[in-house]
Number of protein chains: 2
Amino acid sequence: MSQPDTKQRLLDAAESLFAAEGFHSTSLRAVTGKAEANLAAVKYHFGSKEALLEAVLNRRLVPLNQVRQERLEALRMAARQSGVRPATEAVLRAFIEPTLAFRDSGPGAEAFIQLVGRAIAEPDDTIRNLFMQLMKPLFLLIYDMLGEALPELSDTERFWRLHFSLGALSHATCLAGRFQILPAGVTPRPDADALTAMLVNFLKMGMEAPCD
Amino acid sequence: MSQPDTKQRLLDAAESLFAAEGFHSTSLRAVTGKAEANLAAVKYHFGSKEALLEAVLNRRLVPLNQVRQERLEALRMAARQSGVRPATEAVLRAFIEPTLAFRDSGPGAEAFIQLVGRAIAEPDDTIRNLFMQLMKPLFLLIYDMLGEALPELSDTERFWRLHFSLGALSHATCLAGRFQILPAGVTPRPDADALTAMLVNFLKMGMEAPCD
DNA sequence: TCCGCATTAAAACAAACGTTTGATTTATCC
DNA sequence: GGATAAATCAAACGTTTGTTTTAATGCGGA
(Lines give C-alpha, C1' and ligand atoms only; values in the text may rest on other atoms or scores of the structure.)
Protein backbone atom coordinates (compact mmCIF):
# COMPACT_ATOMS: atom_id res chain seq x y z
CA MET A 1 0.00 0.00 0.00
CA SER A 2 2.88 2.31 0.85
CA GLN A 3 4.94 1.54 -2.19
CA PRO A 4 5.14 4.90 -4.00
CA ASP A 5 7.04 7.82 -2.58
CA THR A 6 5.48 9.84 0.18
CA LYS A 7 5.37 12.77 -2.22
CA GLN A 8 3.39 10.79 -4.76
CA ARG A 9 1.05 9.39 -2.13
CA LEU A 10 0.39 12.89 -0.89
CA LEU A 11 -0.41 14.05 -4.40
CA ASP A 12 -2.73 11.11 -4.96
CA ALA A 13 -4.53 11.59 -1.68
CA ALA A 14 -4.85 15.34 -2.17
CA GLU A 15 -6.15 14.89 -5.69
CA SER A 16 -8.80 12.47 -4.56
CA LEU A 17 -9.90 14.49 -1.55
CA PHE A 18 -9.80 17.91 -3.20
CA ALA A 19 -11.99 16.52 -5.97
CA ALA A 20 -14.46 14.85 -3.63
CA GLU A 21 -14.70 17.38 -0.82
CA GLY A 22 -13.31 20.59 -2.26
CA PHE A 23 -10.06 22.33 -1.46
CA HIS A 24 -11.12 24.40 1.54
CA SER A 25 -13.16 21.60 3.05
CA THR A 26 -10.25 19.18 2.91
CA SER A 27 -7.89 19.33 5.86
CA LEU A 28 -4.23 18.51 5.61
CA ARG A 29 -4.81 15.93 8.31
CA ALA A 30 -7.27 14.18 6.04
CA VAL A 31 -4.73 14.23 3.22
CA THR A 32 -1.85 12.93 5.29
CA GLY A 33 -4.16 10.41 6.90
CA LYS A 34 -5.21 8.99 3.55
CA ALA A 35 -1.62 9.06 2.31
CA GLU A 36 -0.41 7.33 5.49
CA ALA A 37 2.09 10.12 5.96
CA ASN A 38 2.93 12.54 8.71
CA LEU A 39 1.24 15.91 8.87
CA ALA A 40 4.52 17.76 8.54
CA ALA A 41 5.31 15.92 5.31
CA VAL A 42 3.19 18.44 3.43
CA LYS A 43 5.38 21.30 4.57
CA TYR A 44 8.53 19.31 3.93
CA HIS A 45 7.68 18.22 0.39
CA PHE A 46 5.58 21.15 -0.82
CA GLY A 47 5.76 24.02 1.64
CA SER A 48 2.09 24.74 2.20
CA LYS A 49 -1.41 23.54 1.45
CA GLU A 50 -1.74 25.92 -1.47
CA ALA A 51 1.56 24.75 -2.94
CA LEU A 52 0.24 21.20 -2.65
CA LEU A 53 -2.78 22.15 -4.73
CA GLU A 54 -0.50 23.78 -7.26
CA ALA A 55 1.53 20.58 -7.50
CA VAL A 56 -1.65 18.53 -7.88
CA LEU A 57 -2.77 20.74 -10.73
CA ASN A 58 0.60 20.84 -12.45
CA ARG A 59 1.21 17.12 -12.35
CA ARG A 60 -1.72 16.30 -14.60
CA LEU A 61 -2.76 19.52 -16.25
CA VAL A 62 0.54 20.30 -17.91
CA PRO A 63 0.73 17.04 -19.86
CA LEU A 64 -3.01 17.08 -20.61
CA ASN A 65 -2.85 20.62 -21.91
CA GLN A 66 0.10 19.70 -24.04
CA VAL A 67 -1.91 16.96 -25.74
CA ARG A 68 -4.83 19.27 -26.31
CA GLN A 69 -2.57 21.99 -27.63
CA GLU A 70 -0.82 19.60 -30.00
CA ARG A 71 -4.11 18.44 -31.43
CA LEU A 72 -5.28 22.00 -31.95
CA GLU A 73 -1.98 23.03 -33.51
CA ALA A 74 -2.07 20.02 -35.81
CA LEU A 75 -5.53 21.08 -36.88
CA ARG A 76 -4.34 24.56 -37.58
CA MET A 77 -1.44 23.31 -39.67
CA ALA A 78 -3.70 21.03 -41.69
CA ALA A 79 -6.09 23.91 -42.32
CA ARG A 80 -3.31 26.21 -43.48
CA GLN A 81 -1.77 23.65 -45.78
CA SER A 82 -5.06 22.63 -47.33
CA GLY A 83 -6.37 26.17 -47.51
CA VAL A 84 -9.78 25.19 -46.08
CA ARG A 85 -11.08 26.37 -42.74
CA PRO A 86 -10.91 23.91 -39.88
CA ALA A 87 -14.22 22.24 -39.11
CA THR A 88 -15.96 23.40 -35.94
CA GLU A 89 -16.50 19.81 -34.92
CA ALA A 90 -12.82 19.02 -35.34
CA VAL A 91 -11.83 21.97 -33.14
CA LEU A 92 -14.23 20.93 -30.42
CA ARG A 93 -13.15 17.32 -30.67
CA ALA A 94 -9.49 18.24 -30.44
CA PHE A 95 -10.20 19.75 -27.05
CA ILE A 96 -12.86 17.44 -25.65
CA GLU A 97 -11.68 14.05 -26.82
CA PRO A 98 -8.33 14.10 -24.97
CA THR A 99 -10.07 15.51 -21.93
CA LEU A 100 -12.58 12.71 -21.56
CA ALA A 101 -10.16 10.02 -22.70
CA PHE A 102 -7.83 11.16 -19.96
CA ARG A 103 -10.70 11.04 -17.48
CA ASP A 104 -11.21 7.35 -18.21
CA SER A 105 -7.52 6.54 -17.91
CA GLY A 106 -7.71 5.85 -14.18
CA PRO A 107 -9.44 6.71 -10.91
CA GLY A 108 -6.95 9.43 -10.10
CA ALA A 109 -7.46 11.00 -13.50
CA GLU A 110 -11.22 10.95 -13.06
CA ALA A 111 -10.94 12.72 -9.73
CA PHE A 112 -8.61 15.23 -11.27
CA ILE A 113 -10.99 16.06 -14.12
CA GLN A 114 -13.71 16.57 -11.56
CA LEU A 115 -11.41 18.87 -9.64
CA VAL A 116 -10.67 20.87 -12.78
CA GLY A 117 -14.36 21.18 -13.51
CA ARG A 118 -14.80 22.79 -10.14
CA ALA A 119 -11.76 25.04 -10.39
CA ILE A 120 -13.35 27.00 -13.21
CA ALA A 121 -16.06 28.30 -10.92
CA GLU A 122 -13.90 28.50 -7.81
CA PRO A 123 -14.78 31.50 -5.63
CA ASP A 124 -11.28 31.87 -4.21
CA ASP A 125 -9.29 34.17 -6.45
CA THR A 126 -5.97 32.62 -5.54
CA ILE A 127 -7.10 29.17 -6.56
CA ARG A 128 -8.89 30.30 -9.69
CA ASN A 129 -5.89 32.33 -10.81
CA LEU A 130 -3.66 29.32 -10.24
CA PHE A 131 -5.88 27.31 -12.55
CA MET A 132 -6.56 30.03 -15.10
CA GLN A 133 -2.89 30.76 -15.54
CA LEU A 134 -2.39 27.19 -16.68
CA MET A 135 -5.41 27.32 -18.95
CA LYS A 136 -4.96 30.73 -20.54
CA PRO A 137 -2.78 29.76 -23.53
CA LEU A 138 -5.11 26.89 -24.36
CA PHE A 139 -8.16 29.09 -24.01
CA LEU A 140 -6.74 31.68 -26.35
CA LEU A 141 -5.71 28.99 -28.80
CA ILE A 142 -9.14 27.39 -29.06
CA TYR A 143 -10.74 30.84 -29.12
CA ASP A 144 -8.51 31.68 -32.04
CA MET A 145 -9.22 28.42 -33.85
CA LEU A 146 -12.94 28.86 -33.46
CA GLY A 147 -12.46 32.23 -35.10
CA GLU A 148 -10.88 30.47 -38.04
CA ALA A 149 -13.62 27.89 -38.20
CA LEU A 150 -16.40 30.46 -37.85
CA PRO A 151 -15.12 33.77 -39.22
CA GLU A 152 -18.57 35.26 -39.59
CA LEU A 153 -19.14 35.08 -35.82
CA SER A 154 -18.66 38.27 -33.81
CA ASP A 155 -15.99 38.26 -31.12
CA THR A 156 -18.56 38.53 -28.38
CA GLU A 157 -20.66 35.69 -29.76
CA ARG A 158 -17.59 33.50 -30.17
CA PHE A 159 -16.39 34.31 -26.67
CA TRP A 160 -19.68 33.47 -25.05
CA ARG A 161 -20.33 30.37 -27.12
CA LEU A 162 -16.92 29.09 -26.09
CA HIS A 163 -17.83 29.72 -22.47
CA PHE A 164 -21.15 27.96 -22.91
CA SER A 165 -19.21 25.00 -24.25
CA LEU A 166 -16.72 25.02 -21.40
CA GLY A 167 -19.63 25.25 -18.98
CA ALA A 168 -21.30 22.23 -20.53
CA LEU A 169 -18.06 20.28 -20.44
CA SER A 170 -17.13 21.19 -16.90
CA HIS A 171 -20.63 20.46 -15.66
CA ALA A 172 -20.59 17.06 -17.34
CA THR A 173 -17.23 16.21 -15.82
CA CYS A 174 -18.01 17.67 -12.41
CA LEU A 175 -21.13 15.61 -11.91
CA ALA A 176 -19.16 12.39 -12.33
CA GLY A 177 -22.23 10.24 -11.83
CA ARG A 178 -23.32 11.95 -8.64
CA PHE A 179 -26.83 12.69 -9.81
CA GLN A 180 -29.48 13.50 -7.29
CA ILE A 181 -32.08 13.23 -10.01
CA LEU A 182 -31.98 10.30 -12.39
CA PRO A 183 -35.06 9.61 -14.53
CA ALA A 184 -35.78 6.09 -15.72
CA GLY A 185 -34.08 4.82 -18.85
CA VAL A 186 -31.04 7.06 -18.56
CA THR A 187 -27.41 5.94 -18.81
CA PRO A 188 -25.81 7.76 -15.87
CA ARG A 189 -22.19 7.00 -16.70
CA PRO A 190 -21.46 6.85 -20.41
CA ASP A 191 -17.84 6.07 -21.31
CA ALA A 192 -15.49 8.62 -22.78
CA ASP A 193 -16.37 7.90 -26.39
CA ALA A 194 -20.12 8.05 -25.85
CA LEU A 195 -19.97 11.24 -23.81
CA THR A 196 -17.57 12.85 -26.27
CA ALA A 197 -19.91 12.02 -29.12
CA MET A 198 -22.92 13.49 -27.35
CA LEU A 199 -21.10 16.59 -26.22
CA VAL A 200 -19.39 17.38 -29.53
CA ASN A 201 -22.60 16.73 -31.41
CA PHE A 202 -24.43 19.13 -29.12
CA LEU A 203 -21.84 21.88 -29.05
CA LYS A 204 -21.12 21.78 -32.77
CA MET A 205 -24.69 22.77 -33.59
CA GLY A 206 -24.70 25.49 -30.95
CA MET A 207 -21.42 26.87 -32.19
CA GLU A 208 -22.62 26.96 -35.79
CA ALA A 209 -25.97 28.49 -34.94
CA PRO A 210 -26.81 31.47 -37.17
CA CYS A 211 -26.79 34.86 -35.48
CA ASP A 212 -30.11 36.67 -35.43
CA MET B 1 -27.88 51.70 7.08
CA SER B 2 -29.45 49.53 9.73
CA GLN B 3 -32.99 50.04 8.63
CA PRO B 4 -34.19 46.55 7.77
CA ASP B 5 -34.62 43.85 10.38
CA THR B 6 -31.58 42.08 11.69
CA LYS B 7 -32.91 38.92 10.11
CA GLN B 8 -33.08 40.54 6.69
CA ARG B 9 -29.68 42.12 7.05
CA LEU B 10 -28.23 38.74 7.94
CA LEU B 11 -29.82 37.18 4.87
CA ASP B 12 -28.50 39.96 2.64
CA ALA B 13 -25.00 39.75 4.05
CA ALA B 14 -24.93 35.96 3.88
CA GLU B 15 -26.20 35.98 0.31
CA SER B 16 -23.53 38.41 -0.77
CA LEU B 17 -20.68 36.68 1.03
CA PHE B 18 -21.68 33.11 0.21
CA ALA B 19 -21.81 34.10 -3.45
CA ALA B 20 -18.50 35.92 -3.43
CA GLU B 21 -16.42 33.71 -1.18
CA GLY B 22 -18.27 30.42 -1.03
CA PHE B 23 -20.19 28.90 1.83
CA HIS B 24 -17.39 27.13 3.66
CA SER B 25 -14.96 29.98 3.23
CA THR B 26 -17.36 32.49 4.73
CA SER B 27 -17.30 32.73 8.51
CA LEU B 28 -20.31 33.66 10.56
CA ARG B 29 -18.26 36.50 11.96
CA ALA B 30 -17.87 37.90 8.48
CA VAL B 31 -21.62 37.65 7.96
CA THR B 32 -22.57 39.26 11.25
CA GLY B 33 -19.89 41.88 10.73
CA LYS B 34 -21.25 42.88 7.36
CA ALA B 35 -24.79 42.82 8.71
CA GLU B 36 -23.78 44.89 11.72
CA ALA B 37 -25.30 42.27 13.98
CA ASN B 38 -24.10 40.18 16.87
CA LEU B 39 -22.60 36.79 16.26
CA ALA B 40 -25.25 35.04 18.29
CA ALA B 41 -27.97 36.56 16.14
CA VAL B 42 -27.45 33.79 13.60
CA LYS B 43 -28.28 31.15 16.14
CA TYR B 44 -31.20 33.17 17.47
CA HIS B 45 -32.84 33.85 14.10
CA PHE B 46 -31.89 30.75 12.15
CA GLY B 47 -30.34 28.17 14.46
CA SER B 48 -27.13 27.36 12.61
CA LYS B 49 -24.95 28.34 9.68
CA GLU B 50 -26.47 25.65 7.52
CA ALA B 51 -29.98 26.79 8.37
CA LEU B 52 -28.93 30.31 7.38
CA LEU B 53 -27.90 29.01 3.97
CA GLU B 54 -31.19 27.20 3.67
CA ALA B 55 -33.03 30.43 4.43
CA VAL B 56 -30.91 32.31 1.89
CA LEU B 57 -31.78 29.74 -0.76
CA ASN B 58 -35.45 29.59 0.10
CA ARG B 59 -36.02 33.33 0.15
CA ARG B 60 -35.23 33.78 -3.53
CA LEU B 61 -35.35 30.34 -5.09
CA VAL B 62 -38.92 29.49 -4.14
CA PRO B 63 -40.45 32.53 -5.89
CA LEU B 64 -38.06 32.24 -8.84
CA ASN B 65 -38.85 28.57 -9.32
CA GLN B 66 -42.53 29.37 -9.16
CA VAL B 67 -42.19 31.81 -12.06
CA ARG B 68 -40.22 29.32 -14.08
CA GLN B 69 -42.69 26.57 -13.33
CA GLU B 70 -45.65 28.73 -14.29
CA ARG B 71 -44.09 29.59 -17.62
CA LEU B 72 -43.36 25.96 -18.35
CA GLU B 73 -46.85 24.88 -17.31
CA ALA B 74 -48.40 27.59 -19.48
CA LEU B 75 -46.37 26.28 -22.38
CA ARG B 76 -47.58 22.77 -21.74
CA MET B 77 -51.21 23.92 -21.61
CA ALA B 78 -50.86 25.85 -24.85
CA ALA B 79 -49.32 22.83 -26.53
CA ARG B 80 -52.07 20.53 -25.37
CA GLN B 81 -54.84 22.85 -26.43
CA SER B 82 -53.35 23.57 -29.84
CA GLY B 83 -52.29 20.00 -30.41
CA VAL B 84 -48.82 20.98 -31.59
CA ARG B 85 -45.65 20.15 -29.77
CA PRO B 86 -44.04 22.93 -27.78
CA ALA B 87 -41.07 24.54 -29.50
CA THR B 88 -37.66 23.68 -28.08
CA GLU B 89 -36.73 27.32 -28.03
CA ALA B 90 -39.87 28.22 -26.09
CA VAL B 91 -39.09 25.58 -23.44
CA LEU B 92 -35.56 26.83 -23.02
CA ARG B 93 -36.70 30.42 -22.94
CA ALA B 94 -39.33 29.70 -20.31
CA PHE B 95 -36.53 28.56 -18.02
CA ILE B 96 -33.70 30.88 -18.92
CA GLU B 97 -35.50 34.18 -19.44
CA PRO B 98 -36.87 34.48 -15.89
CA THR B 99 -33.53 33.36 -14.51
CA LEU B 100 -31.48 36.06 -16.17
CA ALA B 101 -34.18 38.72 -15.79
CA PHE B 102 -34.16 37.99 -12.09
CA ARG B 103 -30.39 38.27 -12.05
CA ASP B 104 -30.62 41.84 -13.34
CA SER B 105 -33.29 42.83 -10.82
CA GLY B 106 -30.78 43.93 -8.20
CA PRO B 107 -27.33 43.38 -6.72
CA GLY B 108 -28.62 40.87 -4.19
CA ALA B 109 -30.33 38.91 -6.94
CA GLU B 110 -27.17 38.84 -9.01
CA ALA B 111 -25.18 37.48 -6.10
CA PHE B 112 -27.85 34.90 -5.51
CA ILE B 113 -27.80 33.66 -9.10
CA GLN B 114 -24.07 33.35 -8.83
CA LEU B 115 -24.52 31.36 -5.65
CA VAL B 116 -27.01 29.05 -7.34
CA GLY B 117 -24.63 28.53 -10.23
CA ARG B 118 -22.08 27.26 -7.77
CA ALA B 119 -24.48 25.15 -5.77
CA ILE B 120 -24.99 22.81 -8.72
CA ALA B 121 -21.39 21.66 -8.57
CA GLU B 122 -21.06 21.91 -4.80
CA PRO B 123 -18.88 19.14 -3.38
CA ASP B 124 -20.63 19.07 -0.01
CA ASP B 125 -23.50 16.61 -0.18
CA THR B 126 -25.53 18.39 2.47
CA ILE B 127 -25.47 21.65 0.58
CA ARG B 128 -26.05 20.10 -2.81
CA ASN B 129 -28.97 18.09 -1.52
CA LEU B 130 -30.43 21.22 0.00
CA PHE B 131 -30.30 22.88 -3.39
CA MET B 132 -31.29 19.87 -5.47
CA GLN B 133 -34.36 19.23 -3.37
CA LEU B 134 -35.60 22.67 -4.31
CA MET B 135 -34.75 22.16 -7.97
CA LYS B 136 -35.96 18.60 -8.50
CA PRO B 137 -39.59 19.32 -9.49
CA LEU B 138 -38.44 21.97 -11.93
CA PHE B 139 -35.79 19.70 -13.37
CA LEU B 140 -38.26 16.92 -13.94
CA LEU B 141 -40.73 19.36 -15.46
CA ILE B 142 -38.34 20.78 -18.03
CA TYR B 143 -37.00 17.28 -18.70
CA ASP B 144 -40.55 16.20 -19.39
CA MET B 145 -41.30 19.19 -21.59
CA LEU B 146 -38.16 18.65 -23.62
CA GLY B 147 -39.43 15.15 -24.19
CA GLU B 148 -42.63 16.60 -25.62
CA ALA B 149 -40.71 19.05 -27.78
CA LEU B 150 -38.25 16.43 -29.00
CA PRO B 151 -39.99 13.03 -28.85
CA GLU B 152 -37.49 11.39 -31.19
CA LEU B 153 -34.66 11.97 -28.69
CA SER B 154 -33.60 9.04 -26.51
CA ASP B 155 -33.94 9.47 -22.76
CA THR B 156 -30.20 9.42 -22.28
CA GLU B 157 -29.59 11.99 -24.99
CA ARG B 158 -32.30 14.24 -23.59
CA PHE B 159 -30.96 13.90 -20.08
CA TRP B 160 -27.42 14.77 -21.04
CA ARG B 161 -28.38 17.59 -23.38
CA LEU B 162 -30.38 19.12 -20.56
CA HIS B 163 -27.35 18.86 -18.31
CA PHE B 164 -25.16 20.41 -20.99
CA SER B 165 -27.62 23.29 -21.08
CA LEU B 166 -27.69 23.69 -17.32
CA GLY B 167 -23.91 23.62 -17.30
CA ALA B 168 -23.74 26.37 -19.90
CA LEU B 169 -26.27 28.45 -17.97
CA SER B 170 -24.67 27.99 -14.58
CA HIS B 171 -21.24 28.70 -15.97
CA ALA B 172 -22.47 31.90 -17.60
CA THR B 173 -24.12 33.07 -14.37
CA CYS B 174 -21.27 31.97 -12.14
CA LEU B 175 -18.64 33.92 -13.99
CA ALA B 176 -20.54 37.14 -13.40
CA GLY B 177 -18.00 39.22 -15.25
CA ARG B 178 -15.03 37.84 -13.32
CA PHE B 179 -13.06 36.82 -16.35
CA GLN B 180 -9.37 36.20 -16.05
CA ILE B 181 -9.12 36.05 -19.81
CA LEU B 182 -10.84 38.69 -21.89
CA PRO B 183 -9.87 39.00 -25.55
CA ALA B 184 -10.21 42.34 -27.32
CA GLY B 185 -13.58 43.32 -28.75
CA VAL B 186 -15.66 41.25 -26.33
CA THR B 187 -18.64 42.48 -24.34
CA PRO B 188 -17.90 41.09 -20.88
CA ARG B 189 -21.23 41.87 -19.26
CA PRO B 190 -24.19 41.64 -21.64
CA ASP B 191 -27.55 42.49 -20.09
CA ALA B 192 -30.19 39.89 -19.42
CA ASP B 193 -31.87 40.15 -22.82
CA ALA B 194 -28.65 39.90 -24.79
CA LEU B 195 -27.32 36.98 -22.78
CA THR B 196 -30.66 35.20 -22.92
CA ALA B 197 -30.73 35.59 -26.70
CA MET B 198 -27.22 34.21 -27.11
CA LEU B 199 -27.78 31.34 -24.73
CA VAL B 200 -31.18 30.26 -26.06
CA ASN B 201 -29.94 30.54 -29.62
CA PHE B 202 -26.97 28.35 -28.79
CA LEU B 203 -28.81 25.73 -26.77
CA LYS B 204 -31.75 25.44 -29.15
CA MET B 205 -29.48 24.22 -31.93
CA GLY B 206 -27.68 21.82 -29.64
CA MET B 207 -30.94 20.42 -28.32
CA GLU B 208 -32.31 19.88 -31.79
CA ALA B 209 -29.12 18.34 -33.14
CA PRO B 210 -29.80 15.10 -35.03
CA CYS B 211 -28.61 11.91 -33.35
CA ASP B 212 -25.98 9.97 -35.26
C1' DT C 1 -44.49 51.76 36.95
C1' DC C 2 -43.81 47.16 36.58
C1' DC C 3 -43.98 42.93 34.27
C1' DG C 4 -43.08 39.70 30.47
C1' DC C 5 -41.31 38.82 26.18
C1' DA C 6 -38.41 39.43 22.20
C1' DT C 7 -34.02 40.75 20.93
C1' DT C 8 -29.24 41.89 21.41
C1' DA C 9 -24.81 41.73 23.53
C1' DA C 10 -20.35 40.00 25.46
C1' DA C 11 -17.80 36.12 26.58
C1' DA C 12 -16.31 31.71 26.58
C1' DC C 13 -16.58 26.90 24.76
C1' DA C 14 -14.31 22.86 22.63
C1' DA C 15 -12.80 21.49 18.28
C1' DA C 16 -10.30 21.90 14.07
C1' DC C 17 -7.35 24.38 11.27
C1' DG C 18 -2.50 25.37 8.83
C1' DT C 19 1.86 25.88 10.38
C1' DT C 20 6.18 25.20 12.79
C1' DT C 21 9.71 23.22 15.73
C1' DG C 22 13.11 20.03 17.25
C1' DA C 23 14.28 15.40 17.82
C1' DT C 24 14.61 10.96 15.68
C1' DT C 25 14.99 7.72 12.15
C1' DT C 26 16.45 6.29 7.56
C1' DA C 27 19.19 6.39 3.61
C1' DT C 28 23.49 7.76 0.98
C1' DC C 29 28.16 8.36 0.16
C1' DC C 30 33.21 8.40 1.19
C1' DG D 1 31.54 1.99 9.55
C1' DG D 2 31.06 6.52 10.63
C1' DA D 3 29.63 11.03 8.83
C1' DT D 4 26.39 13.75 6.24
C1' DA D 5 22.12 14.65 4.33
C1' DA D 6 17.26 13.39 3.58
C1' DA D 7 13.08 12.13 5.47
C1' DT D 8 9.84 11.14 9.08
C1' DC D 9 7.90 11.73 13.45
C1' DA D 10 5.31 13.43 17.67
C1' DA D 11 4.04 17.51 19.75
C1' DA D 12 2.75 21.94 20.26
C1' DC D 13 2.05 26.65 18.30
C1' DG D 14 -1.38 30.49 17.78
C1' DT D 15 -5.76 31.29 15.14
C1' DT D 16 -10.04 30.69 13.66
C1' DT D 17 -14.11 28.13 13.42
C1' DG D 18 -19.38 27.19 14.72
C1' DT D 19 -21.73 26.92 18.71
C1' DT D 20 -23.48 27.90 23.29
C1' DT D 21 -24.37 30.25 27.58
C1' DT D 22 -25.65 33.92 30.45
C1' DA D 23 -26.57 38.53 31.24
C1' DA D 24 -28.23 42.94 29.61
C1' DT D 25 -31.23 45.71 26.83
C1' DG D 26 -35.36 47.37 24.48
C1' DC D 27 -40.24 47.51 24.25
C1' DG D 28 -45.31 46.99 24.49
C1' DG D 29 -49.37 46.05 27.48
C1' DA D 30 -51.66 45.83 32.23
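Remember, predicted model here, so these are calculated numbers, not experimental data. We name chains A, B, ... by the order of the sequence lines, and we start the count at 1 in each one.
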Worksheet item: Does the distance from a Lys or Arg side-chain N to an Asp or Glu carboxylate O, for A:Arg189 and A:Glu110, drop under 4.0 Å?
Response: yes
Discussion item. Any heavy-atom pair between the side chains of A:Phe159 and A:His163 that's under 4.5 Å?
Written reply: yes
Response to the item:
Residues of residues 18-30 of chain A with a heavy atom under 4.0 Å from any atom of DNA chain C, listed by number, are A:Thr26, A:Ser27, A:Leu28, A:Arg29
Worksheet item: Rounded to the Å, how far apart are B:Leu10 CG and D:dG18 P?
Response: 14 Å
Worksheet item: Can you tell me how far P of D:dT20 sits from NE2 of B:His45, to the nearest Å?
Response: 16 Å
Worksheet item: Within a strict 4.5 Å, meaning less than it, do heavy atoms of the B:Thr173 and B:Gln114 side chains meet?
Response: no
Worksheet item: Can you find a side-chain donor-acceptor pair between A:Ser16 and A:Lys34 that sits under 3.5 Å?
Response: yes
Worksheet item: OP1 or OP2 of D:dA7 less than 4.0 angstrom from a side-chain nitrogen or oxygen of A:Thr6, does that happen here?
Response: no
Practice prompt. Look at A:Glu97 together with A:Arg71 and state whether they make a salt bridge at an N to O cut-off of under 4.0 Å.
Written response: yes
Practice prompt. With rounding to the nearest 0.5 Å, note down the distance linking CG in A:Leu141 to CZ in A:Phe95.
Written response: 9.5 Å
List every contact pair, protein side and nucleotides 20-22 of chain C side both N or O, where the distance is under 3.5 Å.
from, atom 1, to, atom 2, distance (Å)
C:dT20, OP2, A:Lys43, NZ, 3.0

Worksheet entry | Euclidean distance, atom CD1 of residue B:Ile127 to atom P of D:dG18 [Å, nearest integer] | 12 Å
Practice prompt. Let me know the distance between CG of A:Asp5 and P of D:dA7, rounded to the nearest Å.
Written response: 9 Å
Item to complete: Take the protein atom CG of A:Leu52 and the nucleotide atom P of C:dT19, then report the distance between them rounded to whole Å.
Response: 10 Å
Item to complete: Would you mind reading off the distance between B:Tyr44 atom OH and D:dT19 atom P, rounded to a whole angstrom?
Response: 18 Å
Discussion item. Please report the distance, rounded to the nearest Å, between NZ in A:Lys49 and C1' in D:dT16.
Written reply: 13 Å
Practice prompt. Quick one: list whatever passes side chain to side chain contact (heavy atoms under 4.5 Å, CB included) with A:Asn129, sequence neighbours left out.
Written response: A:Asp125, B:Gln180
Worksheet item: At what distance, to the nearest 0.5 angstrom, does CG of A:Leu53 lie from CD of A:Glu50?
Response: 7.5 Å
Worksheet entry | Test log, rule side-chain hydrogen bond (donor to acceptor under 3.5 Å, both in side chains), inputs A:Thr196 and A:Arg93 | CA-CA 8 Å; A:Thr196 301; A:Arg93 188 173 290 275; 5.9 Å; no
Worksheet item: Within this structure, what is the CZ-to-P distance between B:Phe46 and C:dT8, rounded to whole angstrom?
Response: 11 Å
